[in-house]
Number of protein chains: 2
Amino acid sequence: MPVSSKPAPAVEEVDTSYLETLVGYNATRASLKVIELFSKRMAVYDLRHVDFSILSLITHNPGITSRQLCGALSILPPNLVGKIVTLEKRKLVHRKPHPQDGRAVGLYLTDAGEALMRDAEGTAVDLETEATQRLSAAEKKTLMRLLQKIYR
Amino acid sequence: MPVSSKPAPAVEEVDTSYLETLVGYNATRASLKVIELFSKRMAVYDLRHVDFSILSLITHNPGITSRQLCGALSILPPNLVGKIVTLEKRKLVHRKPHPQDGRAVGLYLTDAGEALMRDAEGTAVDLETEATQRLSAAEKKTLMRLLQKIYR
DNA sequence: TATTGTTATACTCTATAACTATA
DNA sequence: TATAGTTATAGAGTATAACAATA
């Protein structure tokens with residue numbers, strides 16, 4: 001055996017075991033995987049996942065304000081403005097003055113917006129089923145509960 | 001009771017129950033929550049979460065190539081270049097020719113990089129404990145397993 | 001012909017400061 | 001004085017095309 005140092009070995013298979021002990025890593029990878037599928041399936045509606053979340057919250061909270069949307073989705077107000085403007089230009093959303101607060105504006109879906117979201121929410125359910133096909137119903141329920149324990 | 005339409009009601013509390021039925025939504029919110037804490041705790045090392053993942057993979061896979069890093073972390077090659085250059089300028093990483101493949105370059109931590117990662121990986125474990133403090137050890141283990149079922 | 005690493009580039013996302021109008 | 005919505009802008013993240021060197 002020579003005393004000289006061995007040549008640097010090549011990495012055959014990447015060892016990710018340390019990263020896989022971290023919730024942050026696992027949650028991020030799972031999130032990206034679902035969003036990737038989401039983007040593909042929602043392309044027909046020309047909706048990004050944040051747009052979908054915005055429209056979905058307006059669907060279930062007609063009259064919601066920009067501030068409330070920002071709070072619920074952790075979006076900063078300046079970054080929401082452009083999205084709302086775009087959705088309004090597409091005639092999916094319209095704005096009405098807030099009944100009590102003159103500073104605020106209530107957001108509503110148009111008929112076209114409602115029709116689109118009926119389709120899109122159905123597609124979302126389908127795609128979620130596909131993304132979680134390796135999980136049983138009980139496992140899926142458990143996963144939701146544990147994730148909510150982290151962010152709530 | 002007047003026949004005229006009632007004024008638009010204000011939304012008191014935002015109903016997020018539909019979004020909370022979606023794994024994508026839950027995983028993304030949990031991911032963002034952990035990354036937020038991660039960013040705060042890792043600020044002392046001037047490491048973003050992707051930089052940490054890169055250094056961690058080099059730690060546990062000395063000689064790993066850029067391509068392998070890209071594959072393991074779902075980063076596109078052009079977007080990795082700048083990060084490696086920065087880590088090299090900071091003397092945390094150095095590059096050596098790949099022993100078999102003349103096109104490729106093996107990545108290694110410097111002594112300073114190893115010292116930093118010993119501290120940073122400890123900090124990561126602490127911060128993960130904090131982020132998952134509402135989960136039991138068994139729940140945490142279950143969560144990891146279920147998340148991996150989604151992205152693997 | 002295919003792959004590694006790279007440059008250039010465009011688009012999106014995220015973040016901060018500052019303004020206006022209303023409360 | 002505080003808050004809702006907005007503008008401007010800077011920085012970080014993500015995407016595609018194309019090239020040189022090597023396999």
Side-chain angles (χ1 to χ4, degrees), chain A residues 10-12 14 28-29 31-33 35-36 38-40 42-43 46-54 58 61 63-89 93-108, chain B residues 8 10-12 14 28-29 31-33 35-36 38-40 42-43 46-54 58 63-89 93-108:
Chain A
V11 174
E12 301 105 43
V14 179
T28 303
R29 298 232 52 167
S31 160
L32 289 175
K33 181 89 174 199
I35 289 177
E36 189 188 353
F38 199 100
S39 304
K40 279 184 198 162
M42 290 291 166
D46 193 19
L47 288 183
R48 303 190 157 271
H49 75 280
V50 185
D51 299 319
F52 174 86
S53 297
I54 291 169
I58 299 176
N61 301 270
I64 192 173
T65 67
S66 293
R67 266 306 143 136
Q68 288 176 313
L69 274 180
C70 286
L73 296 174
S74 297
I75 300 173
L76 292 170
N79 299 331
L80 183 65
V81 177
K83 295 180 196 302
I84 299 292
V85 168
T86 303
L87 293 173
E88 218 181 355
K89 278 186 187 156
V93 161
H94 67 103
R95 299 195 273 191
K96 287 200 286 190
H98 190 279
Q100 283 102 45
D101 191 335
R103 297 167 302 181
V105 183
L107 299 167
Y108 299 83
Chain B
V11 175
E12 301 103 44
V14 179
T28 303
R29 298 232 52 168
S31 160
L32 289 176
K33 181 89 175 198
I35 288 178
E36 189 188 352
F38 198 99
S39 304
K40 280 183 197 163
M42 290 291 167
D46 193 18
L47 288 184
R48 303 193 156 268
H49 75 281
V50 184
D51 300 318
F52 175 85
S53 297
I54 291 169
I58 300 176
I64 191 173
T65 67
S66 294
R67 268 302 145 140
Q68 289 177 312
L69 273 179
C70 286
L73 296 175
S74 296
I75 300 173
L76 292 171
N79 299 331
L80 183 65
V81 177
K83 293 179 198 301
I84 299 292
V85 168
T86 303
L87 292 173
E88 219 180 355
K89 278 187 188 156
V93 163
H94 66 104
R95 299 196 273 190
K96 285 201 286 191
H98 190 279
Q100 282 102 45
D101 190 335
R103 296 167 302 182
V105 183
L107 298 167
Y108 300 84

Pairs satisfying salt bridge (Lys or Arg N to Asp or Glu O under 4.0 Å), at least one member in residues 79-88 of chain B, at least two apart = E88(B)-R95(B)
Provide the start and end nucleotides, 5' to 3', of the part of DNA chain D that has atoms under 4.0 Å from heavy atoms of chain B.
-> dA12(D) to dA23(D)
Numerically ordered, the residues 79-89 of chain B set in heavy-atom contact under 4.0 Å with DNA chain D is N79(B), K83(B)
Using heavy atoms to find the nearest nucleotide of DNA chain D for H49(B) and D101(A) separately, return the residue whose nucleotide is more 5′.
-> D101(A)
Nearest-Å distance for atom pair [atom1]/[atom2], residues [X] and [N]:
| X | N | atom1 | atom2 | result |
| --- | --- | --- | --- | --- |
| L107(B) | dG5(C) | CG | C1' | 11 Å |
| I35(A) | dC13(C) | CD1 | P | 11 Å |
| D51(A) | dT12(C) | CG | P | 11 Å |
| H98(B) | dT4(C) | NE2 | P | 10 Å |
| R103(A) | dC19(C) | CZ | C1' | 16 Å |
| R48(B) | dT14(C) | CZ | P | 12 Å |
| I54(A) | dC13(C) | CD1 | P | 10 Å |
| I64(B) | dG5(C) | CD1 | P | 10 Å |

Look up atom [atom1] in [X] and atom [atom2] in [Y], then write down how far apart they are to the nearest 0.5 Å.
| X | Y | atom1 | atom2 | result |
| --- | --- | --- | --- | --- |
| L107(A) | H94(A) | CG | NE2 | 9.5 Å |
| L47(A) | S39(A) | CG | OG | 10.5 Å |
| M42(B) | D51(B) | CE | CG | 11.0 Å |

Can you give me every donor-acceptor pair (side chain of residues 64-78 of chain B, partner residue at least two apart or in another chain, under 3.5 Å) with its distance?
unit_1, atom_1, unit_2, atom_2, d
T65(B), OG1, Q68(B), N, 3.2
Q68(B), OE1, T65(B), N, 3.1
Q68(B), NE2, V11(A), O, 2.8
S74(B), OG, R29(A), NH2, 2.7

With a non-hydrogen cut-off below 4.0 angstrom, is V105(A) in contact with a base, only sugar-phosphate, or nothing?
-> sugar-phosphate
Side-chain-base donor-acceptor pair under 3.5 Å for R67(B) and dT4(C) | no
Mind checking side chain to side chain contact (heavy atoms under 4.5 Å, CB included) for V81(B) and listing every partner two or more places apart, or none if nothing turns up?
-> V85(B)
Any idea which heavy atoms bring H98(A) and Q100(A) closest together, and the distance?
-> ND1-N, 3.1 Å
Where is the tightest heavy-atom contact between P99(B) and A10(A), given as atom of each residue plus distance?
-> CG-N, 3.9 Å
Tell me, please, which residues at least two apart from R103(A) pass salt bridge (Lys or Arg N to Asp or Glu O under 4.0 Å).
-> D101(A)
Closest-nucleotide 5' rank along DNA chain C - winner of L32(B) and Q68(B) | Q68(B)
